[in-house]
Number of protein chains: 2
Amino acid sequence: MNDLEKKLRDAGLRPTKQRLLISHYLFSGPQMHVTADSLYSELIDRDINISLATIYNVLNVFTSHGLLREISIDPSRSYFDTNIKRHYHYYFEKTGKLEDISIEELKISPMPEKKNGFDVNCVDVVIRVDG
Amino acid sequence: MNDLEKKLRDAGLRPTKQRLLISHYLFSGPQMHVTADSLYSELIDRDINISLATIYNVLNVFTSHGLLREISIDPSRSYFDTNIKRHYHYYFEKTGKLEDISIEELKISPMPEKKNGFDVNCVDVVIRVDG
DNA sequence: CAACTAGTTTAGAATAGTTCTAAAATAAAC
DNA sequence: GTTTATTTTAGAACTATTCTAAACTAGTTG
Ligand SMILES: [Mn+2]
Ligand SMILES: [Mn+2]
Ligand SMILES: [Zn+2]
Ligand SMILES: [Zn+2]
C-alpha cells in the first residue's frame with residue numbers, strides 16, 4: 001500500500017483509480033491551489049481523462065474529509081488548496097493566482113476563538129493585489 | 001437636490017428613479033450587507049418593483065463607483081456591503097449573516113502595502129463561525 | 001417648450017460553474 | 001466468485017449572473 005493509498009484510506013476514502021490519479025497530481029509535488037477547471041485541464045494535458053463530474057466529486061469529498069481546503073476568493077469559482085495548515089493568501093486579481101502567507105509572516109490579534117458562543121471554524125485572510 | 005441624489009451625482013451616476021429607491025433602502029438607515037436576492041426581496045416586500053436585472057446593474061455600478069463594496073464569502077453568491085470603510089467580517093455559516101469587525105478590534109501586522117511591486121487593493125478578513 | 005442623444009431599465013434569453021440523475025463500473029466484504 | 005455498497009460517468013438540470021435589444025428616461029441644446 002503506497003503513500004497515496006494510505007492517505008486516502010486514513011481519510012476514510014476508497015482509493016479508486018481516479019482518486020489516486022488526482023491525488024498523485026495534487027499531493028506528490030509542491031503544494032498548490034486549483035480550481036475544478038484548472039485541475040481538469042492539467043489532467044487532460046497529462047492524458048489523464050477523468051470526467052468533470054468526478055473532478056467535482058473528488059474535490060468536494062477531499063474537502064469534506066480534510067485533505068483539501070476550499071477558499072472563497074472569487075464569487076465565480078471555487079479554489080481548493082492542498083495546504084491545509086492554517087495560513088493566509090495573496091490573490092493576484094489579474095492572473096487569478098494565489099500565493100501563501102504563513103501565520104508567522106502575518107499576525108492577527110487577538111486571534112478570535114469564539115463569537116456569540118459559536119466556535120470559530122476558520123479565519124480567512126485574502127490580500128488582493130493588482131498583478 | 002436631496003442627500004441621496006447628491007450622493008449619486010457625486011459618484012458620477014444619474015439619479016434615476018430605481019437608483020434612488022435602492023439608495024434609499026441601502027443608505028438611509030444603518031449599514032447593511034445584502035445579496036442581489038435579499039435586496040430584491042426586501043424591495044418587493046416594500047412594494048418597490050424593480051427588475052432583478054436592474055438590481056444586478058445597480059449593485060455592480062454602485063460597487064464600481066465606490067458606493068458599495070463587494071465581499072467574497074460564499075462561492076454561490078455575492079454579498080455587497082454599504083460600509084465602505086476598511087473593516088472585517090464575521091460570517092455566520094448557517095444563517096448567511098455578516099457582522100462587521102472594526103480595524104480597532106482586530107489588528108493585522110504588518111499591514112501589507114505592496115506585493116511584488118503591485119499595490120494592495122484590499123485586505124479581506126473573514127472569521128467563519130458555526131452559528 | 002420640442003427635439004435630440006446618451007444612458008438606463010427591462011423581460012427574457014444566454015452563459016457558466018456546479019450539482020443532480022440514473023445507469024454502468026468497480027472496490028470491498030463475504 | 002458472488003454480493004453489496006460505493007464510485008464514476010454522460011448528460012440533464014440548476015441557478016446566480018450577465019447579455020441582448022427594445023422601450024424608456026434624464027439631461028442637453030436651441
Ligand atoms: Mn463546494
Ligand atoms: Mn460582480
Ligand atoms: Zn494556500
Ligand atoms: Zn461589513
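Chain letters run A, B, ... following the sequence lines, proteins first and then strands; every chain starts at 1.
The side-chain hydrogen bond (donor to acceptor under 3.5 Å, both in side chains) search around Arg9(B) returns Glu5(B), not counting sequence neighbours. Taking the side-chain hydrogen bond (donor to acceptor under 3.5 Å, both in side chains) definition, one finds that Thr82(B) meets it with nothing, sequence neighbours left out. Taking the side chain to side chain contact (heavy atoms under 4.5 Å, CB included) definition, one finds that Tyr79(A) meets it with Thr35(A), Ile71(A), Ile73(A), Asp74(A), Arg77(A), Tyr91(A), Leu98(A), sequence neighbours left out. Applying the salt bridge (Lys or Arg N to Asp or Glu O under 4.0 Å) rule to Glu42(A) yields the partners Arg46(A); only residues at least two apart in sequence or on another chain are considered. For Asp47(B), the side chain to side chain contact (heavy atoms under 4.5 Å, CB included) criterion is met by no residue, not counting sequence neighbours. Looking at residues two or more places apart in sequence or on another chain, you find no side chain to side chain contact (heavy atoms under 4.5 Å, CB included) involving Asp3(A). Taking Lys6(B) as the reference, Met1(B), Asp10(B) meet the side chain to side chain contact (heavy atoms under 4.5 Å, CB included) condition, with sequence neighbours excluded. His89(A) is linked by a ring pair (Phe, Tyr, Trp, His ring centres under 6.0 Å) to His33(A), His87(A), counting only residues two or more places apart in sequence or in another chain.
Rotation axes derived from the C1' atoms of the five outermost pairs at either end of the helix from dC1(C)-dG30(D) to dC30(C)-dG1(D) lie 30° apart, to the nearest 10°.
The phosphate of dA25(C) (OP1 or OP2) has no side-chain N or O of Gln18(A) nearer than 4.0 angstrom. Proximity of Ser51(A) to the phosphate of dT9(D): a side-chain N or O atom is located under 4.0 Å from OP1 or OP2.
Put simply, the residue from Val58(A), Ile22(A), Ile44(A) that forms a side-chain contact (heavy atoms from CB on, under 4.5 Å) with Ile50(A) is Ile22(A).
Per the geometry, CG belonging to Leu21(B) stands 16 Å off P belonging to dT8(C), to the nearest Å. If you measure from atom CG of Leu59(B) to atom C1' of dT9(C), you get 15 Å, rounded to the nearest angstrom. Put simply, CD1 on Ile48(B) is 16 Å from C1' on dT9(C), counting in whole angstrom units. Whole-Å rounding puts the Asn57(A) CG to dT26(C) C1' distance at 15 Å.
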Every protein N/O within reach of nucleotides 15-18 of chain D N/O, cut-off under 3.5 Å:
| from | atom 1 | to | atom 2 | distance (Å) |
| --- | --- | --- | --- | --- |
| dT17(D) | OP1 | Ser78(B) | N | 2.8 |
| dT17(D) | OP2 | Tyr56(B) | OH | 2.4 |
| dT17(D) | O5' | Tyr56(B) | OH | 3.4 |
| dT18(D) | OP2 | Asn60(B) | ND2 | 3.0 |

Could you list all N or O pairs between the protein and nucleotides 28-30 of chain C that sit under 3.5 Å apart?
| from | atom 1 | to | atom 2 | distance (Å) |
| --- | --- | --- | --- | --- |
| dA28(C) | OP1 | Arg9(A) | NH1 | 2.8 |
| dA28(C) | OP1 | Arg9(A) | NH2 | 3.2 |

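Between the side chains of Ser41(B) and Ser38(B), no donor N or O sits under 3.5 Å from an acceptor N or O.
Among residue pairs with one or both ends in residues 107-131 of chain B, those qualifying as salt bridge (Lys or Arg N to Asp or Glu O under 4.0 Å) are Glu99(A)-Lys115(B), Asp124(A)-Arg128(B), Arg128(A)-Asp124(B), Arg69(B)-Asp124(B), Glu93(B)-Arg128(B), Lys114(B)-Asp119(B); sequence neighbours excluded.
The side chain of Thr16(B) has dT9(C) as its nearest neighbour among dT9(C), dT8(D), dA11(C).
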